[in-house]
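Read through the structure below, which is laid out as structure tokens, and then see the notes.
Values reported hereafter were calculated over all heavy atoms of this structure, with side chains retained and with hydrogens, waters and symmetry mates removed. Sequence positions, counted from 1, serve as the residue numbers for this chain.
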Amino acid sequence: MDEKYHNNKDPYIQFLKNWLTQIMNENKTIFVDDYHIDEIVPSIPRKIWFNLSFKIYQEYRYFLENTCPQMDVMLCIDMGESKTKFSIPTFLDDHIIGNSDVPPSIYLFNKQNTNIIDTLKECILLPNLITDDTINVFYKEEYDDNFFLLFLFPIL
């Protein structure tokens, strides 16, 4: 990982604090909002999209668990487009992004948001991709304009 981004948590957490403040000021009780990783970390090299977005996702989850337990985050990774179906992923690493030119997104949401729950019900749980006891990985294909779009949702 580039040294410029390594062990530099404070800007990520500050971004999350600002994001939470903005949401609270809007008085939304049930919401979902997202930022792509390149909006959180401008000029991020594509080669570290996955690793850095996963790291930020984990930091945000920890922060929210300890400061704002009614909120959670989800990491959404567009794995690229294809005119044929992809194989379900068998491992999590930077190759999972495939040919996508869309940076991963971090979604912030209220845990009572039924849209998130409904989306996850449409997904397939991939138990072989669970990296620890706190993260589940879900897979979903969406057919749009002759392309299959793949998303991964690491979430508790």
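The two residues Met24 and Cys68 make their nearest non-hydrogen contact at CE-SG, 4.0 Å. Residues Pro103 and His36 come closest through the heavy atom pair O-ND1, 2.8 Å.
With sequence neighbours left out, Phe31 forms a side chain to side chain contact (heavy atoms under 4.5 Å, CB included) with Ile23, Lys28, Met71, Leu108, Asn110. Judged as a side chain to side chain contact (heavy atoms under 4.5 Å, CB included), and not counting sequence neighbours, the contacts of Lys17 are Ile13, Gln14, Phe63.
Rounding to the nearest 0.5 Å gives a distance of 12.0 Å between CG of Leu64 and CD of Glu59. To the nearest 0.5 Å, the span separating CD1 on Ile37 from SG on Cys76 amounts to 12.5 Å.
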- request: Please step through side-chain contact (heavy atoms from CB on, under 4.5 Å) for the pair Tyr12 and Tyr57, ending with a clear verdict.
  value: CA-CA 10 Å; Tyr12 311 144; Tyr57 161 76; over 6 Å; no
message: Run Ile106 and Ile56 through side-chain contact (heavy atoms from CB on, under 4.5 Å) and show every step you take.
response: CA-CA 9 Å; Ile106 305 253; Ile56 291 172; 4.1 Å; yes
field: Intermediate values then yes/no, side-chain contact (heavy atoms from CB on, under 4.5 Å), Ser53 and Leu75
entry: CA-CA 8 Å; Ser53 62; Leu75 176 60; 3.9 Å; yes
field: Trace of the side-chain contact (heavy atoms from CB on, under 4.5 Å) decision for Val32 with Asn115
entry: CA-CA 9 Å; Val32 61; Asn115 291 331; 5.9 Å; no
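Classified by interplanar angle (parallel below 30°, tilted 30° to 60°, perpendicular above 60°), the ring pair Phe54/Phe50 is parallel.
Between Tyr35 and Tyr107, the distance separating the two ring centers is not shorter than 6.0 angstrom.
Cluster membership check: Tyr62 does not share its hydrophobic cluster with Tyr60, using side-chain heavy-atom separations under 4.5 Å among Ile, Leu, Val, Met, Phe, Trp and Tyr. Criterion: ILVMFWY side-chain heavy atoms under 4.5 Å apart, direct or through other members. Under it, Phe15 and Val41 are part of a common hydrophobic cluster. Residue Ile44 is grouped with residue Trp19 when hydrophobic side chains (ILVMFWY) are merged at heavy-atom distances under 4.5 angstrom, including chains of intermediate members.
Around atom CD of Gln112, no more than 12 heavy atoms belonging to other residues, nucleotides or ligands sit under 6.0 Å away.
Side-chain atoms of Lys121 do not come within 3.5 Å of backbone N or O of Ile116 as any donor-acceptor pair.
When side chains are defined from C-beta on, Leu20 counts as touching Leu16, because their heavy atoms get closer than 4.5 Å.
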